Amino acid sequence: MAERKADEIEPGFRHASPRHLAVYGNLLIAAATPAARRDRHDDAAEILRVAEAAAVRSGPTRAYGSAFSVTDVRTQAVNVALAGASPRPGDALTLAQRVDLRAISRPVHTASHRVDVAQAQYQAGDCDGSLATLLEVERQQPEWIRYQTVAAATVRDMLEAERRRNTPLRGLASRIGVDPTL
């Protein structure tokens, strides 16, 4: 539905207002995730390329209570690469390198993006990097991380693969409500 609505309001890039581009771009962002969840990753990537072009043209814009910027598109691209039955953690990590963390305006948005990065690191086989990223997020947002299902799922997966006792992973698991004895 979001993709259909985006097609209906697709702006002419030369004369569109920043707000029009922002609404269009946010609809595209909303369309990318379901496409990736249906394992249409190439379609989702193309949708996000168009959204990023709209973000470049509009500049950072707030429209109807939503923010829209190149950074918003790029953080969503990382999340989209991890969606579906065939996630692409290598692509997610490559896309994450394009995200300027300083350009993310809200600390919880930075934390959410970093949890996606940790998930991608784990899925790509970098357990130590994933744990380091999650511990960094916990230091910055200790209350927030306790309620994040992606963080808990990543920790749970790491615990199932972890054979050592008394590690920083088990401490993090305990603090965010995952049974550390898994």
Side-chain angles (χ1 to χ4, degrees), residues 2 28-49 51-52 67 69-182:
L28 291 173
I29 288 171
T33 301
R37 285 186 182 143
R38 290 190 307 271
D39 289 317
R40 292 178 32 224
H41 283 276
D42 293 339
D43 292 342
E46 178 57 27
I47 290 168
L48 289 171
R49 277 191 286 280
E52 187 168 338
S69 70
V70 169
T71 301
D72 294 318
V73 176
R74 289 179 178 174
T75 58
Q76 189 61 28
V78 173
N79 181 272
V80 164
L82 297 169
S86 303
R88 298 178 173 183
D91 290 353
L93 293 171
T94 298
L95 291 164
Q97 293 174 358
R98 299 178 62 222
V99 175
D100 178 3
L101 295 177
R102 297 166 302 181
I104 301 174
S105 60
R106 297 183 60 204
V108 294
H109 290 166
T110 301
S112 179
H113 169 70
R114 299 293 291 151
V115 166
D116 286 344
V117 169
Q119 180 186 27
Q121 288 170 314
Y122 176 71
Q123 289 178 357
D126 181 7
C127 296
D128 291 339
S130 179
L131 177 58
T133 300
L134 288 170
L135 289 169
E136 176 188 323
V137 171
E138 182 193 30
R139 278 190 299 279
Q140 295 168 352
Q141 296 291 326
E143 292 297 319
W144 177 88
I145 198 170
R146 291 182 191 162
Y147 302 101
Q148 303 312 305
T149 57
V150 172
T154 302
V155 168
R156 194 173 294 108
D157 289 347
M158 285 192 288
L159 279 169
E160 288 174 3
E162 172 72 37
R163 299 290 175 227
R164 295 172 285 166
R165 299 283 176 208
N166 299 320
T167 66
L169 174 60
R170 293 189 183 288
L172 173 62
S174 178
R175 292 188 300 275
I176 68 171
V178 174
D179 181 0
T181 61
L182 287 175

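Quick caveat: nothing in here was measured; it's all calculated off a predicted structure.
Residues L93 and A124 approach most closely at CD1-CB, 3.9 Å, considering heavy atoms. Nearest heavy atoms, I176 versus A152: CD1-CA, 4.0 Å. Closest heavy-atom contact between C127 and M158: O-SD, 3.9 Å. The two residues D39 and S86 make their nearest non-hydrogen contact at OD1-N, 3.1 Å. Considering every non-hydrogen atom in both P89 and L82, the closest pair reads CA-CD2, 4.0 Å. Of all heavy-atom pairs between P168 and L131, the closest is CB-CD2, 4.2 Å.
Looking at Q119, E138, Q121 one by one, the single match for side chain to side chain donor-acceptor pair (under 3.5 Å) with T133 turns out to be Q121. Between R74 and the options H113, E52, Q97, a side chain to side chain donor-acceptor pair (under 3.5 Å) holds for only E52.
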With a cut-off of 3.5 Å and sequence neighbours excluded, list every side-chain donor-acceptor pair involving residues 103-112.
none

| request: Decide salt bridge (charged side-chain N to carboxylate O under 4.0 Å, His left out) for R139 and E136; before the verdict, give the C-alpha distance in whole Å, the side-chain angles of both, and the deciding distance to 0.1 Å. | output: CA-CA 5 Å; R139 278 190 299 279; E136 176 188 323; 5.1 Å; no
| task | Assess whether side-chain hydrogen bond (donor to acceptor under 3.5 Å, both in side chains) is satisfied between T33 and Q76, documenting all intermediate values. | result | CA-CA 8 Å; T33 301; Q76 189 61 28; 2.8 Å; yes
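Looking only at side-chain heavy atoms (C-beta outward), Q148 and L134 stay at 4.5 Å or farther from each other. Side-chain atoms of L169 and V155, non-hydrogen and from C-beta on, do get closer than 4.5 Å to each other. For the pair T71 and V73, the minimum side-chain heavy-atom distance is 4.5 Å or more.
The main-chain N or O of V150 is found under 3.5 Å from a side-chain atom of T154 such that the two form a donor-acceptor pair.
Side-chain contact annotation: D72 with S69, donor-acceptor N/O pair under 3.5 Å present.
Here CG of L95 is found 11.0 Å from OG1 of T75. Values are rounded to the nearest 0.5 Å. One distance of note links CG of D179 with CG of L159; it measures 8.0 Å at 0.5 Å rounding.
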